[in-house]
Amino acid sequence: MERRPENTPMEESRLNAGGNTDKNATIIKVLSGVAVLLVLVLAYVLFSKSKLISELNEEKADLTEQFVALQQDYAQLSSDYEVINTQLDSSREEVNQLVERIQKISATDRAQIRKYQKELGTLRAIMRNYVHQIDSLNTLNHKLSAQAAAAKKEAAAAKKENAELKKSVEDLSGKVVVGATLRARNIKADAYNKNGKRVERATPAARILTTLSIAENSLAEKGPVRVYVVITDPDGNILTNAESRVCSTPDGDVQTSASREVDYQGDEVEISIYMNDIPKYEKGVYNVQVLTAQGSLGSVQFMLR
């Protein structure tokens, strides 16, 4: 059998060098592929982040624009009624502060953005309520003006008939103008904490205080008068406790939240009515209606943030 000649040391070295070169080339290709992949992944991440930031900036800009528009709407809204104008001034100030705050926050603070979006919806709802109240009062004033004009015309016609009828019409007109029904002024409602400090947030609120004045009226019946308040939470539920009563009015029975009896002798009297023992207050707009057994004396709203 013929023996195969062995490789020399130099030939072995060349063979080994060739094998190492192939391995190095393969490693370089693999590393190059990994590097390209990492670059692509990094580019995708940077692009996604940039796109997200751009979307958040657009969302903040849109929300800011809506607040500015609402700010302008509040600035243009006005009424002829002192109580509503006072409430409007408070709401305008709140909107102005929110516009300043939202301009300062970062667009990436999504929790704050969502919070301001919710407050925007609440302020819009409050504004719609203002518009509704102003329209209702204007409609009522027009109706009363028309009724007064009609009554004046009837009085003028009655004057031509006879002096006795004229006196009866004038007496009736005087009663219509002055009225024997109780009327309230300066109705106001606020939330207070357990320490008796006025608060604007729902979390520390422990009670609601309603204050008002029953106006002077010499024609009104004198004696004990129970004044009731009906407090409705943002969900439309009437707040009640163990001391809540039902008030019988000409329009039917009304479930009330709290009440207080005063001795009315025809002079103006101030009243404070507390609503206690409510375990928790929700955020939003509360409506407070004041009434007696004769009927409604008026209403007011306040908001807990």
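Computed from a prediction, not measured in an experiment: that's the story for all the values here.
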Problem set entry | Leu182 side, atom CG; Gln294 side, atom CD - distance, nearest 0.5 Å | 4.5 Å
For this session: Look up atom CD1 in Ile208 and atom OH in Tyr281, then write down how far apart they are to the nearest 0.5 Å.
Result: 4.0 Å
Problem set entry | Which atom of Asn276 lies closest to which atom of Tyr274, heavy atoms considered | ND2-CB, 3.8 Å
For this session: With rounding to the nearest 0.5 Å, note down the distance linking NZ in Lys115 to CD in Glu119.
Result: 5.5 Å
Exercise. For Ser213 and Glu270, which heavy atoms make the closest approach, and how far apart are they?
Worked result: OG-CG, 3.4 Å
Problem set entry | Sidechain-backbone polar pair: Arg183 side chain, Leu297 backbone, donor-acceptor under 3.5 Å | no
For this session: Determine, stepwise, if the pair Leu212 / Asn186 fulfils side-chain contact (heavy atoms from CB on, under 4.5 Å).
Result: CA-CA 5 Å; Leu212 65 140; Asn186 302 326; over 6 Å; no
Exercise. Heavy-atom count around Gln147 CD within 6.0 Å, excluding the residue itself: above 12?
Worked result: yes
Exercise. Side chain of Glu282, backbone of Asp235: donor and acceptor closer than 3.5 Å?
Worked result: no
For this session: First locate atom OG1 of Thr232, then atom CD of Gln289, and finally report the distance between them rounded to the nearest 0.5 Å.
Result: 7.5 Å
Problem set entry | side-chain contact (heavy atoms from CB on, under 4.5 Å) evaluation trace for Glu200 with Met303 | CA-CA 7 Å; Glu200 296 181 353; Met303 184 175 71; over 6 Å; no
Exercise. Below 4.5 Å, heavy atoms only, C-beta onward: do Val230 and Val288 meet side chain to side chain?
Worked result: no
Exercise. Is any side-chain heavy atom of Gln66 less than 4.5 Å from a side-chain heavy atom of Gln117?
Worked result: no
Seminar exercise, completed: Note: with side-chain heavy atoms under 4.5 Å as the link, the other cluster members for Ile28 come out as none
Problem set entry | Joint hydrophobic cluster, Val254 plus Val229, side-chain heavy atoms closer than 4.5 Å | no
Exercise. Quick one: does Asn217's side chain get under 4.5 Å of Tyr264's, heavy atoms only?
Worked result: yes
For this session: Evaluate the side-chain proximity of Gln255 to Val246: yes if any heavy-atom separation is below 4.5 Å, no if none is.
Result: yes
Exercise. For the hydrophobic clusters of this structure (ILVMFWY residues joined by side-chain heavy atoms under 4.5 Å, transitively), does one cluster hold both Ile273 and Val225?
Worked result: yes
Exercise. Counting only heavy atoms not in Glu261, do more than 12 fall under 6.0 Å of its CD?
Worked result: yes
For this session: Could you tell me whether the side chain of Ser296 and the main chain of Gly298 form a donor-acceptor pair under 3.5 Å?
Result: yes
Exercise. Under 4.5 Å between any side-chain heavy atoms of Gln87 and Val300, yes or no?
Worked result: yes
Exercise. Can you list the steps and then say if Ser272 with Leu209 is a side-chain contact (heavy atoms from CB on, under 4.5 Å)?
Worked result: CA-CA 7 Å; Ser272 298; Leu209 171 62; 3.9 Å; yes
Exercise. Any side-chain heavy-atom pair from Asn129 and Val285 closer than 4.5 angstrom?
Worked result: no
Exercise. Once you round to the nearest 0.5 Å, how far does CD1 of Ile84 lie from CD1 of Ile134?
Worked result: 5.0 Å
Exercise. What are the two closest heavy atoms between Ala205 and Val199, and how far apart are they?
Worked result: CA-CG2, 4.0 Å
For this session: Work out which heavy atom in Met275 is nearest to a heavy atom in Ala258; give both atom names and the distance.
Result: SD-CB, 4.0 Å
Problem set entry | Sidechain-backbone polar pair: Thr256 side chain, Cys247 backbone, donor-acceptor under 3.5 Å | no
For this session: Using the side-chain hydrogen bond (donor to acceptor under 3.5 Å, both in side chains) rule, collect all pairs that involve residues 243-254, keeping only residues at least two apart or in two chains.
Result: Asn241-Ser244, Ser248-Asp253
Exercise. Are Arg185 and Glu268 close enough for a salt bridge, meaning some N to O gap below 4.0 Å?
Worked result: yes
For this session: Could you walk me through whether Leu239 and Tyr286 pass the side-chain contact (heavy atoms from CB on, under 4.5 Å) test, one step at a time?
Result: CA-CA 10 Å; Leu239 301 182; Tyr286 288 74; 4.2 Å; yes
Problem set entry | Exceeds 12 heavy-atom contacts within 6.0 angstrom, atom NZ of Lys222 | yes
For this session: For Arg260 and Arg226, indicate whether the former's side chain and the latter's backbone hold a donor-acceptor pair under 3.5 Å.
Result: no
Seminar exercise, completed: Of all heavy-atom pairs linking Ile238 and Ser257, the shortest is CG2-OG, 3.7 Å
Exercise. Ignoring hydrogens and geometry, is there a side-chain-to-backbone donor-acceptor pair from Asn237 to Asp233 under 3.5 Å?
Worked result: no
Exercise. What do the steps show when you test Asp263 against Gln265 for side-chain hydrogen bond (donor to acceptor under 3.5 Å, both in side chains), and what is the final call?
Worked result: CA-CA 6 Å; Asp263 183 17; Gln265 296 299 321; 2.7 Å; yes
For this session: With rounding to the nearest 0.5 Å, note down the distance linking OG1 in Thr211 to CD1 in Ile271.
Result: 10.0 Å
